Amino acid sequence: TSCAESLRASVSPSTLCALDMAALAGSAAACAAGMASRRASLQPPRAVAIKGRARSARPGAAGRGCKLVTRAEGAFGDQRNLVPPPQVFNAASIKVIGVGGGGSNAVNRMVGSDINGVEFWIVNTDAQAMATAAVPVANHIQVGKELTRGLGAGGNPEIGQKAAEESRQSIENALAGSDMVFVTAGMGGGTGSGAAPVVAGVAKAAGILTVGIVTMPFKFEGRQRYNQAMDAVERLRRNVDTLIVIPNDRLLSAVDTALPVQDAFLLADDILRQGVRGICDIITLPGLINVDFADVRAVMADAGSSLMGIGRATGKNRAREAAAAAISSPLLDLGIDRATGIVWNITGSKDLTLHEVNEAAEVIYELVDPSALIIFGAVVNPAIKLAEGEVAITLIATGFQPSSNPQAGMQQGSSAQQRQQAPPANAPIMGWGTEQQGAPSRPPPPRQGGSGGGGGGIPNFLKRRGR
């Protein structure tokens, strides 16, 4: 102390002041260093991941393999940059399988169309046809590589069936994890007629909702092809939940007589597309009136044979007219009053109103049996290819067998007991087998007012009997 007193007395006041300031600064620096050391001891180490290795930022921790990849700021962590995890919805897995040449062509035209949320596959024995397909190569299944060597089935359904059995494991792998499978094919050929029942059987055995949408041959394709198609349809019917059969000759009643052959096949493919899209839109697209996959399954599971109607209209009464066109579609050879289930979908642009949806529903419900299970959806989707101001309705009637009489379900004066009697399961489908009875004519368009009034302009012969 005496030495310090002597030193202080010997120096000038200005020098003494400088020494005091230096001591004060040193104390502050030491304090700051101590506080920093204290904070470091309270925080977990920060880790930086470098090419798969974790390197600790704390001195002395290098080389210990720290697994920490985030850092906490402060005692409770930094909550400012935390982002909640995104919501994950379990969307239904829907696959469309085109079998054979006709089915593959239909699916190729669906690729890039207005069908969303669907995975497309093709199954064929013809390697050359598959090489030019629009479906991605990863979604190709060439069946019967050993049996057919990629050269096709030669129009023999037995070869097509054996080819599918040979590649059964590949089919099972492709369908794994699906909730719903559409099997589409043109009946009458070799691969489509033979392999489609095998593909459908694999799907149904796995508990997948399986819907078959197939076409019957045109008249000009020959009677032998038609007979093969009949046999294939019966085999397919036993391996699907719902089967929609579209007789191509029925399409001709709604088109110009000068329609070229190529356009006739394009028309048949487009009908398949509309059928697939009408059902898929109900499931995959959120709409004004939303329907989930379980609703559709309730109607279509083990429903047997089904029929499809399609209607489009524009103008002031477009929804009502589209519904009337759908129920009088040439594709419907039975009245929908015999159906135990109805799935229908109305699609339009942004100007589609709930009032129009209600008008369309009134037209359809006027004909449907009160005990029928009905599932419907209303979708507003500007991306769908519709004319300006157009409304489209797709209707699937399920739960009855096709009849050999094209006027069945529409004849006036039938008793209620007669309407309940279903035709046998092997009854011929509308086409070659019923031509001696006379080809059916398309029902006249709905009248606006007049003697047919009431029921939303539905013709009298279409109204449900007994009212």
Side-chain angles (χ1 to χ4, degrees), residues 114-115 213 244-247 250-256 267-268 270-282 287-289 306-337 339 341-349 351-368 372 374-381 384-398 406 409-410 430 440-448 452 455-464:
D114 52 359
I115 302 178
I213 303 184
I244 302 171
V245 180
I246 302 172
R250 298 294 298 270
L251 302 176
L252 298 180
S253 63
V255 298
D256 187 4
L267 176 63
D270 191 64
I271 294 297
L272 294 176
R273 178 192 64 81
Q274 293 183 57
V276 172
R277 197 210 76 194
I279 298 174
C280 291
D281 284 356
I282 296 178
L288 292 174
I289 301 171
S306 302
L307 297 173
M308 181 174 66
I310 299 172
R312 295 182 176 222
T314 58
K316 183 178 180 180
N317 298 317
R318 57 183 183 173
R320 186 181 296 275
E321 293 173 1
I327 62 178
S328 60
S329 171
L331 302 177
L332 291 172
D333 58 359
L334 290 177
I336 65 173
D337 61 326
I342 298 288
V343 178
W344 70 280
N345 180 39
I346 180 171
T347 304
S349 55
D351 59 350
L352 178 66
T353 66
L354 192 59
H355 178 72
E356 290 179 312
V357 175
N358 183 66
E359 284 185 337
E362 288 179 350
V363 174
I364 295 173
Y365 294 170
E366 181 75 16
L367 297 175
V368 178
I374 301 173
I375 298 296
F376 75 103
V379 176
V380 174
N381 186 3
I384 293 179
K385 300 175 183 178
L386 294 174
E388 183 177 358
E390 188 177 43
V391 165
I393 291 180
T394 302
L395 182 145
I396 310 294
T398 69
M410 296 185 181
M430 183 60 205
S441 59
R442 187 179 183 184
R447 291 174 290 178
Q448 301 296 328
I458 305 172
N460 287 331
F461 70 90
L462 282 177
K463 290 185 179 180
R464 189 170 70 237

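Just so you know, these numbers use all the heavy atoms, side chains as well, and skip hydrogens, waters and symmetry mates. Every value quoted in this text rests on a predicted model; they were computed, and no experiment measured them.
- Rounding to the nearest 0.5 Å places CG of L352 at 6.0 Å from CZ of R318.
- Once rounded to the nearest 0.5 Å, the distance linking CD of E359 with CD1 of I346 reads 9.0 Å.
- Checking side-chain atoms of T398 against main-chain N and O of G341 turns up a donor-acceptor pair under 3.5 Å.
- In this structure, G311 and A325 approach most closely via the heavy-atom pair CA-CB, 3.8 Å.
- By the 30° and 60° cut-offs, the orientation of the rings of F376 relative to Y365 is perpendicular.
- One distance of note links CD of Q274 with CD1 of I393; it measures 12.5 Å at 0.5 Å rounding.
- Between atom CD1 of residue I213 and atom CZ of residue R273 there is a gap of 12.0 Å, rounded to the nearest 0.5 Å.
- The two residues A313 and E321 come nearest to each other via the heavy atoms CB-CB, 3.8 Å.
- Take A339 and apply the side-chain contact (heavy atoms from CB on, under 4.5 Å) test, not counting sequence neighbours, and it matches I342, A397, F400.
- Residues I364 and A323 share a closest heavy-atom pair of CG1-CB, 4.2 Å.
- Note: I282 CD1 to I375 CD1 = 8.5 Å, rounded to the nearest 0.5 Å.
- For the atom pair CD1 of I246 and CD1 of I310, the computed distance is 7.0 Å after rounding to the nearest 0.5 Å.
- Here the closest non-hydrogen pair linking A378 and V357 is CB-CG2, 3.9 Å.
- Remark: the backbone N or O of E390 is not paired with any side-chain donor or acceptor of R312 at under 3.5 angstrom.
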